[in-house]
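Working notes for the structure below.
Throughout, numbering of the chain's residues begins at 1 and tracks the sequence.
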Amino acid sequence: MSDRDIKKATRHVNQNEALIFERSSPGKKGYRLAPLDVPEVDYKKSLGDQARADLGNMPEVSEMEIIRHFTRISTWNYAIDLGMYPLGSCTMKYNARVNETVVRLRGLADAHPYQPERISQGALRIMKTLADCLLDITGMDAITLQPAAGAHGEMTGILLIHACLKSKGNPRKKILIPDSAHGTNPATAAICGYAVENLKSNSHGMVDISALAQQMNEDVAGLMLTNPNTLGIFEQEIDKIAEILHQKGGLLYMDGANMNALVGKARPGDFNVDVMHLNLHKTFSTPHGGGGPGSGPVACKKALEPFLPQPLIVENADGTLGFDYNRPQSVGRVRMFFGNFGMHVRALAYIMANGYDGLRQTTEDAVLNANYIRKKLEEEYELPYKSPSMHEVVLSDRIQAQKGVKTGDIAKRLIDYGFHPYTVSFPLVVPGALMIEPTESESLEELQLFIDAMKSIAREAEEDPEFVKNAPHSTRVSRLDETAAARKPVLRWKPQASSAEQG
Ligand SMILES: Cc1ncc(COP(=O)(O)O)c(C=O)c1O
């Protein structure tokens, strides 16, 4: 008997969940409307050609059926609320409930961006306080909260560099990007019209200073540096890097998405970064992923301030807050209204709940957790770069690959042990990379479970490589053909009868 023949869920409520279309039966409804108390309108007449003739095959189910259906499939998701989410570079930390309580306060949740400034003083004060806290944390001079994600922040930052250099007569042509940078960095430089020039890392996994000195010239607008970089390594010669750029009139952009390793310990403004972005949805614990809104504020030094997106929040002479739209050199708006306000509220709640000491402790715990994992796994898995790890550790599958087991196989097997996989095959400078970022959220017990799972998989890879290569074994859907899923995605459900047409 196959799963499909089981009429009621047995092993687990979600094991044989049908599609909502398969649950449909004609005439069922999940709603009942109140009797009409206005004249009926023939929408087809008013919409004319634009009226849709056929609504297609819509599922017809009761309210309870649809609630159960979606509640069941919601349990198939993995979430930080279920367990450790060691997805390197993504800082999947726990989003404390207090942030959610604060953001749901009616005065904040119901605020509308078109409200006059006069009656938005509370919301403006939240944004101003957050901006001030972020300036304090980064050591920068000015900030915009508008960008809606890290990559959006990068674009805003590079536009600032472009506008600043252009105002001096030459926006220049190239941006240098180390091979250990996050993938969004070269994409950003290219989308802003710059040619991308690759900068090789040295054997310690850091920027090769002599290569930088050779490549830096008057054609180069700046360097985009992820710091700590995607190997989880802090660029120890950051002051020299800034000096080399500045001497030739270039600017230093720091991808600050990995600030979870630095908050309360080191300030990019103090090591001469000119412009940077932060990922509130990583470092400052706002929810993350699943298509939800992010927030990527951009902070800069005084020289770049005139070019920041408008409007900026300003304090009026009478102590009230308002927006300054009169910024003739601004690169313009990069996001409607004032950015993702709900994320600003959550990030400020996180900062205030932690305070100075708490934020510093968070950084220390994040780094300690990554190093604990590194120490416990460095015998079973190769550690390609021995430089000190910050918030994440990058291992490689070199030992397991001798038996044909690759990083992707180990990651799939990790699902069987109840963990979300780490980041697979990134950064590209490490062949077969396993990029692990536990964050400060995890307890010693959870870290230990993860380490035990990884050790156990290393043993399995040695003794029964085929078993690991066919993982996962415990999930609802077994190993997918990822190439086919990427190249021939089937994104629409069609009734059986016409499935042949799906192609
Ligand atoms: C180092 C780094 N830079 C940039 C980004 C891009 O951020 P976003 O996904 O919000 O665009 C990420 C994303 O995780 C990142 O890890």
Side-chain angles (χ1 to χ4, degrees), residues 1-6 9-17 73 75-80 82-90 92 369-370 372-384 392-428 430-438 442 445-490:
M1 188 154 110
S2 80
D3 274 5
R4 280 262 162 253
D5 302 322
I6 301 172
T10 49
R11 278 182 291 165
H12 186 281
V13 283
N14 66 33
Q15 291 296 328
N16 63 351
E17 187 67 22
I73 53 179
T75 66
W76 300 353
N77 264 346
Y78 192 84
I80 189 69
L82 286 170
M84 183 171 165
Y85 212 126
L87 201 58
S89 203
C90 291
M92 303 301 285
N369 281 357
Y372 185 73
I373 290 177
R374 168 178 165 157
K375 188 79 208 138
K376 294 286 179 183
L377 291 182
E378 68 189 358
E379 274 178 23
E380 283 81 1
Y381 295 88
E382 189 199 38
L383 179 69
E392 61 197 358
V393 57
V394 177
L395 304 168
S396 101
D397 65 9
R398 200 185 54 83
I399 301 171
Q400 292 70 29
Q402 289 162 11
K403 294 270 181 162
V405 174
K406 302 284 181 50
T407 176
D409 303 318
I410 300 165
K412 300 278 188 214
R413 182 70 182 130
L414 202 49
I415 299 172
D416 287 332
Y417 284 84
F419 291 97
H420 192 282
Y422 50 77
T423 295
V424 170
S425 303
F426 183 78
L428 301 177
V430 173
L434 290 68
M435 188 194 215
I436 303 169
E437 181 179 11
E442 302 309 328
E445 290 74 19
E446 186 79 5
L447 291 181
Q448 203 52 58
L449 287 174
F450 175 76
I451 289 161
D452 291 347
M454 290 295 289
K455 281 182 186 286
S456 172
I457 298 170
R459 266 195 311 278
E460 289 170 350
E462 178 64 31
E463 290 160 12
D464 191 356
E466 285 312 306
F467 183 70
V468 181
K469 280 158 73 178
N470 289 313
H473 302 283
S474 65
T475 48
R476 184 173 179 278
V477 179
S478 57
R479 177 83 66 114
L480 296 173
D481 178 345
E482 289 178 0
T483 312
R487 300 217 171 126
K488 294 185 188 167
V490 180

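In this pair, Tyr85 and Tyr78 present their aromatic rings perpendicular. The plane angle is above 60°, beyond the 30 to 60° band.
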Going through the distances and angles, do Arg413 and Asp416 end up as a salt bridge (charged side-chain N to carboxylate O under 4.0 Å, His left out)?
CA-CA 5 Å; Arg413 182 70 182 130; Asp416 287 332; 2.6 Å; yes

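Lys376 pairs by the side chain to side chain donor-acceptor pair (under 3.5 Å) definition with nothing, not counting sequence neighbours. For Lys406, there are no side chain to side chain donor-acceptor pair (under 3.5 Å) partners at least two apart in sequence or on another chain. For Ser456, the side chain to side chain donor-acceptor pair (under 3.5 Å) criterion is met by Tyr417, not counting sequence neighbours.
At a threshold of 4.5 Å between non-hydrogen side-chain atoms, the residues Met454 and Phe419 do not count as touching. Between Ile436 and Arg374, the closest side-chain pair of non-hydrogen atoms is not below 4.5 Å. Put simply, the side chain of Thr407 does not reach to within 4.5 Å of the side chain of Tyr381, judged on heavy atoms. Two residues are said to be in side-chain contact when any heavy atoms from C-beta on lie closer than 4.5 Å; Trp76 and Glu17 meet this criterion.
Listed here is the closest heavy atom pair of Pro86 and His420: CD-O, 3.1 Å. The two atoms that bring Ser396 and Val430 nearest to each other are CB-CG1, 3.8 Å, heavy atoms only. Residues Gly88 and Glu437 come closest through the heavy atom pair CA-CB, 3.6 Å. Between Leu414 and Pro421, the closest heavy-atom pair is CD2-CA, 4.1 Å. Across all non-hydrogen atoms, the minimal contact from Ala370 to Pro438 is N-CG, 3.6 Å. Nearest heavy atoms, Leu447 versus Tyr372: CD1-CD2, 4.0 Å.
With salt bridges taken as basic N to acidic carboxylate O contacts below 4.0 Å, none links Glu462 and Arg459. For the pair Lys412 and Asp409, the salt-bridge criterion is not met [side-chain N within less than 4.0 Å of a carboxylate O].
When the shell of 6.0 Å around CD of Gln448 is examined, it contains more than 12 heavy atoms from other residues, nucleotides or ligands.
Atom CD of Glu382 and atom CD of Gln400 lie 9.5 Å apart (nearest 0.5 Å). The distance from atom CD of Glu445 to atom CE of Met84, rounded to the nearest 0.5 Å, is 13.0 Å. Put simply, CZ on Arg479 and NZ on Lys469 are 9.5 Å apart, with the number rounded to the nearest 0.5 Å. In this structure, CD1 in Ile415 is found 13.0 Å from CD1 in Ile410, a value given to the nearest 0.5 Å.
Leu434 pairs with exactly one of Leu395, Leu377, Thr423, Val424 by the side-chain contact (heavy atoms from CB on, under 4.5 Å) rule, that one being Leu395.
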